Amino acid sequence: MFVKTNRASFHLWREDFRLTLRLALPLIAAEVGWMSMGIVDTIMVGRLPNSAVAIGATGLGQSLYNSVAIFGGGLLLGMDTFVAHAFGREDLDDARHSLLNGLFLAIALTPVLMLAISFWPALMQRFGISAELVEPMRPYLRALNWGTLPLLAYFALRRYLQAVNVAHPIMFALISANLINAAGNWILIYGHFGFRAMGITGSGWSTCWARIYMVLCLAFTLFWVESKRLRRGWLSTVRIDIRRMSALLRLGAPAATQILCEIGAFSAATALCARLGPIALAGHQIALNCAALTFMVPLGISSAAAVRVGQQLGRRDPDGARRAGWSAIIIGVGFMACSGAVFVSAPNLIARLFTPDPAVIRVGAQLLLVAAAFQLFDGLQTVATGALRGAGDTRTPMLANFIAYWLMGLPLGCVLCFSLGWGAVGIWIGLCGGLIIIGSALLMTWHKRILQ
């Protein structure tokens, strides 16, 4: 009997790992594709005459834009829970109802977010960032800002499609969008095919057009998928519903705040490094791009965890939800342990891919060693956040991120950087401490939840 029980348990766990990977792999590819846009932008502007300023201004603009735009996308994260639960109980009408109201939210949020983004250059000047970085960033940020509506619409469509197990088109959209972005960079940054050379501003416009392409890809996928399973009279089940939008916001607002705390912490670190000058900022940007690239893998696994935990709870299968969450956490932590080993093994080689400047390479390599130290905990906190979101808990990750980053990590980083003179390394050590605290806290929270 004991052997049979063990075999049955092993079979269940093996099946959970398989299902998690099947959903996570295309989402990982999509997240890597998302991050690759920023990395390609950084590499291509890094070949402009003043490499440090070009990389620094582009990285600062990306960080500031993402801190606002991805907060808006985070407000739509409640769709993960609502759509996955509805799909788990085979209620597609309710899933579509959430999609329509999520899209309406995206449209309503766009002008607010665009207005907020437009204030960043003036705020950076007041913060003491040099005009050498702010002035080239200004038109670059303006170009990115015009892609806000397609970006939010993409977020809403993606949340719906992945929650109903349609993930491969998301992967295709991001990978192919990278090709469009790279070609646009080559044409607009350096001036080819009759276009004038626009420098880093061309990179912003290229990213904007790539995002328009992404949302068109997912809109086509939605029509193709839904045309096969619509029933007569389905239109009467979807409508603009203030209650559903309020429910989405109640669940999405803590998730968005958690993302804002996390992205905002790294954006604040970018602004602090900018005060140290172009060399420190460029090195910071190289390490940040690398850490963000590896982060995309557990982020894709996190999305899969949210969907699978939500679907299992929709089927009223708490044991299945527990296995779904743990299998995702194990996969995410295993990958990030490997990525940390890569950062330790070849920091100078990795930094050299971005720039030929020896001073920038030296700073970037130092920061990559710090990034290696927090890789495991970064993966842990990311996947645990997704598992908790699938279970309807978005408040705990929000509180953990706020306390660990803003009350502990960043203050420690400022002391190490400015008071003790450790420079950018001090800021990154503060961020590392924050991530260790968040990962440990969310792991304990998930363990406590599954015991319940």
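Only a predicted model underlies this, so the values are computations on that prediction, with no experimental measurement involved.
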field: Sole candidate of Thr81, Thr396, Asp80 that passes side-chain hydrogen bond (donor to acceptor under 3.5 Å, both in side chains) when paired with Arg389
entry: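 Among Thr81, Thr396, Asp80, the one that satisfies the side-chain hydrogen bond (donor to acceptor under 3.5 Å, both in side chains) with Arg389 is Asp80.
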message: Show, in sequence, the C-alpha distance, side-chain angles and deciding distance for Thr294 and Met336, and conclude whether the side chain to side chain contact (heavy atoms under 4.5 Å, CB included) test is met.
response: CA-CA 7 Å; Thr294 59; Met336 292 300 268; 4.1 Å; yes
field: Thr385 and Gln258 side chains, donor-acceptor separation under 3.5 Å
entry: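 There is no such pair (donor and acceptor under 3.5 Å, judged by atom type) between the side chains of Gln258 and Thr385.
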- prompt: How about Arg315 and Gln312: does a side-chain donor come under 3.5 Å of a side-chain acceptor?
  reply: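 The criterion, which ignores hydrogens and geometry beyond distance, is satisfied for Gln312 and Arg315.
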- request: Step by step, work out the side chain to side chain contact (heavy atoms under 4.5 Å, CB included) result for Phe335 and Val383.
  value: CA-CA 12 Å; Phe335 172 82; Val383 182; over 6 Å; no
task: Could you tell me whether Glu15 and Arg308 have a side-chain N and a carboxylate O separated by less than 4.0 Å?
output: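 Not counted as a salt bridge, because no side-chain N and carboxylate O are separated by less than 4.0 Å.
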With a cut-off of 6.0 Å (strictly less than), are more than 12 heavy atoms of other residues, nucleotides or ligands near [atom1] of [X]?
{"X": "Arg18", "atom1": "CZ", "value": "yes"}
{"X": "Tyr190", "atom1": "OH", "value": "yes"}
{"X": "Phe17", "atom1": "CZ", "value": "yes"}
{"X": "Arg89", "atom1": "CZ", "value": "yes"}

- request: Step through it carefully: locate the ring centre of Trp186, locate the ring centre of Phe193, and say whether they are under 6.0 Å apart.
  value: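 Yes, the ring of Trp186 comes within the 6.0 Å limit of the ring of Phe193, centre to centre.
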field: Distance-minimising heavy-atom pair for Ala268 and Leu410
entry: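 Residues Ala268 and Leu410, closest heavy atoms: CB-CD1, 4.1 Å.
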- request: With side chain to side chain contact (heavy atoms under 4.5 Å, CB included) as the test, would you mind laying out the steps for Asp94 and Arg244 before giving the verdict?
  value: CA-CA 10 Å; Asp94 190 66; Arg244 179 55 56 90; 2.8 Å; yes
Derivation and outcome, side chain to side chain contact (heavy atoms under 4.5 Å, CB included), residues Leu64 and Thr270: CA-CA 9 Å; Leu64 296 174; Thr270 301; over 6 Å; no
message: Ring-plane angle category for Phe374 and Trp428, please: parallel below 30°, perpendicular beyond 60°, tilted otherwise.
response: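 Parallel: the ring planes of Phe374 and Trp428 meet at under 30°.
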